[in-house]
Amino acid sequence: MRASVAVIAAALALTGAVAASPAQSPTAAAAQKLDSRAVVTEVRRILAERYVLPERRPALDAILAKGLASGRYDVREASALAERINADLETAGKDRHLSFALDPQQAAILAASHNRAAPDHSGYEREAREANQGVTELRLLPGNVRYMAYDGFHWTGPESAAALDTAMRFLAGGDAVIIDIRRNGGGSPQAVQYLISHFLPADKPLVTFHMNGQPSPDRLSTLAELPAGRMLGKPLYVLTSG
């Protein structure tokens, strides 16, 4: 989440450069209108201004500058440009929270929100609702082991809390719990806080966020009140991927 600003703005820049007319496919528009230099320049600007680890900014900028100079980004397909930028950011940044992707649907949602006086979160809320707030599967396994697949740390407020409350009540009835986040790409710190609070005592420090430009960090601790109660001492297994 540290690098989400860079990902969001760069995605907007990229999709803006390849906007298709009604008669064109996105692929055709990309081949005609893709301005790779403008996209990379915007990525460099955002990283220089906002990336949270200042000591890594020069390396990120250097690899993007090298790619521009060498012609590495002189491609006709937007997807190919996104892949090359992302590969270079991974090589230089060594930061698994920093990534770049071509996502026209998400970019359109963000653009609509940015163009309003008050942010419009309806697109994200709809996505979260369609994904059941990230809780995609609840299963009873042999030996009264309760399993939950949690595919995204979605948080829209009470609706997300209610989905997790239902899941936590199901898990609480088991003799052991498995939470599967192998397909989870991350998301909201509030969702992380809400989930973890069910397995730890109240007011236990969880996360400290050092955000660029803020004089003091933001801190999250486990919540004191949980409608579904806590599962302290219950065997808990968490499945993760690479």
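All values below were derived from every heavy atom in this structure, side-chain atoms included, with hydrogens, water molecules and symmetry-related copies excluded.
Across all non-hydrogen atoms, the minimal contact from Pro227 to Asp165 is CG-OD2, 3.7 Å. Nearest heavy-atom pair across Ala202 and Ala224 is CB-CA, 3.8 Å.
Judged by the 6.0 Å distance and 45° axis criteria, Arg57 is not positioned over the aromatic ring of Tyr51.
Side-chain contact check for Leu68 versus Arg37: some heavy-atom pair is nearer than 4.5 Å. Counting heavy atoms from C-beta outward, Asp95 and Leu60 have side chains that stay 4.5 Å or more apart. Contact of the Leu164 side chain with the Tyr150 side chain is registered, since non-hydrogen atoms from C-beta on lie closer than 4.5 Å. Put simply, the side chain of Glu127 reaches to within 4.5 Å of the side chain of Gln105, judged on heavy atoms. Arg146 is listed as a side-chain neighbour of Phe170, based on a closest heavy-atom distance under 4.5 Å. Side-chain contact between Thr156 and Gln133 is present, with heavy atoms from C-beta onward closer than 4.5 Å. For the pair Leu47 and Leu89, the minimum side-chain heavy-atom distance is below 4.5 Å.
A donor-acceptor pair under 3.5 Å is formed between the side chain of Tyr124 and the backbone N or O of Trp155. Side-chain N or O atoms of Asn144 include one that pairs as donor or acceptor with a backbone N or O of Gly173 at under 3.5 Å.
In this structure, the separation between CG on Leu81 and CG on Leu34 is 5.5 Å, given to the nearest 0.5 Å.
Identified under the salt bridge (Lys or Arg N to Asp or Glu O under 4.0 Å) test for residues 221-242, with sequence neighbours left out: none.
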Acceptor/donor pairs from residues 235-242 side chains to any protein atom, 3.5 angstrom cut, sequence neighbours excluded:
unit_1, atom_1, unit_2, atom_2, d
Ser241, OG, Arg182, O, 3.2

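Not counting sequence neighbours, the partners of Asp61 by the side-chain contact (heavy atoms from CB on, under 4.5 Å) test are Arg44. The side-chain contact (heavy atoms from CB on, under 4.5 Å) check on Thr222 picks up Ser197, Leu200, Lys204, Leu206, with sequence neighbours excluded. Not counting sequence neighbours, the partners of Thr136 by the side-chain contact (heavy atoms from CB on, under 4.5 Å) test are Ala149, Asp151, Arg183. Listed by chain and number, the residues in a side-chain contact (heavy atoms from CB on, under 4.5 Å) with Arg84 are Arg72, Tyr73, Val75 (sequence neighbours excluded).
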Exercise for the section: Starting from the C-alpha separation in whole Å, work towards a yes-or-no answer on side-chain hydrogen bond (donor to acceptor under 3.5 Å, both in side chains) for Ser79 and Glu77. Expected result: CA-CA 5 Å; Ser79 57; Glu77 296 291 337; 4.7 Å; no
